[in-house]
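Both backbone and side-chain heavy atoms feed into the values below; hydrogens, waters and symmetry mates do not.
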Amino acid sequence: MREYKEIFKQHVQVVAIQYRIGHGLTQEAMAELLHISPRAYCAMEQGDYSFSATTFAFFLLLLPPEEVSRFLIQFGNLIEQMEMGNEPLPV
């Protein structure tokens, strides 16, 4: 289970950073959209912190439905790679 949590944490981290940069947002602006402190958001980007379920829900609400679907499919692919004994590649 621990490996799944780490893969999920890294996947959320990569996708959140891509979203933030792609939308021209500062870390502070992204934190505001997610209803968390800028410090907590920065810690997530650095890999020190993982989103809570509530923060993750706010993140999903930012994404159009097709991007939510893509996020879940990519996560599923990462899990499949891990279960096949391959090192999952970041998105």
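With sequence neighbours excluded, no residue satisfies ring-ring contact (aromatic ring centres under 6.0 Å, His included) with F51. The salt bridge (Lys or Arg N to Asp or Glu O under 4.0 Å) check on E45 picks up R20, with sequence neighbours excluded. With sequence neighbours excluded, the residues that form a side-chain contact (heavy atoms from CB on, under 4.5 Å) with P64 are E66, E67. Residues passing the side-chain contact (heavy atoms from CB on, under 4.5 Å) test with A43, sequence neighbours excluded: D48, Y49. Evaluation of the side-chain hydrogen bond (donor to acceptor under 3.5 Å, both in side chains) rule for S52 yields T55 as partners, not counting sequence neighbours.
Listed by first then second residue, pairs satisfying salt bridge (charged side-chain N to carboxylate O under 4.0 Å, His left out) with a partner in residues 70-84 number zero, not counting sequence neighbours. Legend: salt bridge (charged side-chain N to carboxylate O under 4.0 Å, His left out) pairs involving residues 55-64, not counting sequence neighbours: none detected.
A pairwise comparison of heavy atoms in Q46 and Q13 identifies C-NE2, 3.7 Å as the closest pair. Residues V12 and F56 share a closest heavy-atom pair of CG2-CE1, 3.9 Å. Heavy-atom minimum distance, C42 versus Q27: SG-OE1, 2.9 Å.
In this structure, F75 and L72 have side chains that are not in contact, with every pair of non-hydrogen atoms separated by 4.5 Å or more. Taking 4.5 Å as the limit, some side-chain heavy atom of L25 sits within range of a side-chain heavy atom of Y19.
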Which pairs of donor and acceptor atoms, one on a side chain in residues 28-35, lie under 3.5 Å apart (sequence neighbours left out)?
none

Criterion side-chain contact (heavy atoms from CB on, under 4.5 Å) on F58 and I36, from CA distance to verdict
CA-CA 10 Å; F58 279 120; I36 59 176; over 6 Å; no
Could you walk me through whether E6 and Q10 satisfy the side-chain contact (heavy atoms from CB on, under 4.5 Å) test, starting with their C-alpha distance in whole Å, then the side-chain angles of each, then the deciding distance to 0.1 Å, before giving a yes or no?
CA-CA 6 Å; E6 187 60 31; Q10 290 174 2; 3.0 Å; yes
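Both F59 and L61 belong to a single network of hydrophobic side chains, linked directly or stepwise wherever heavy atoms of I, L, V, M, F, W or Y lie under 4.5 Å apart.
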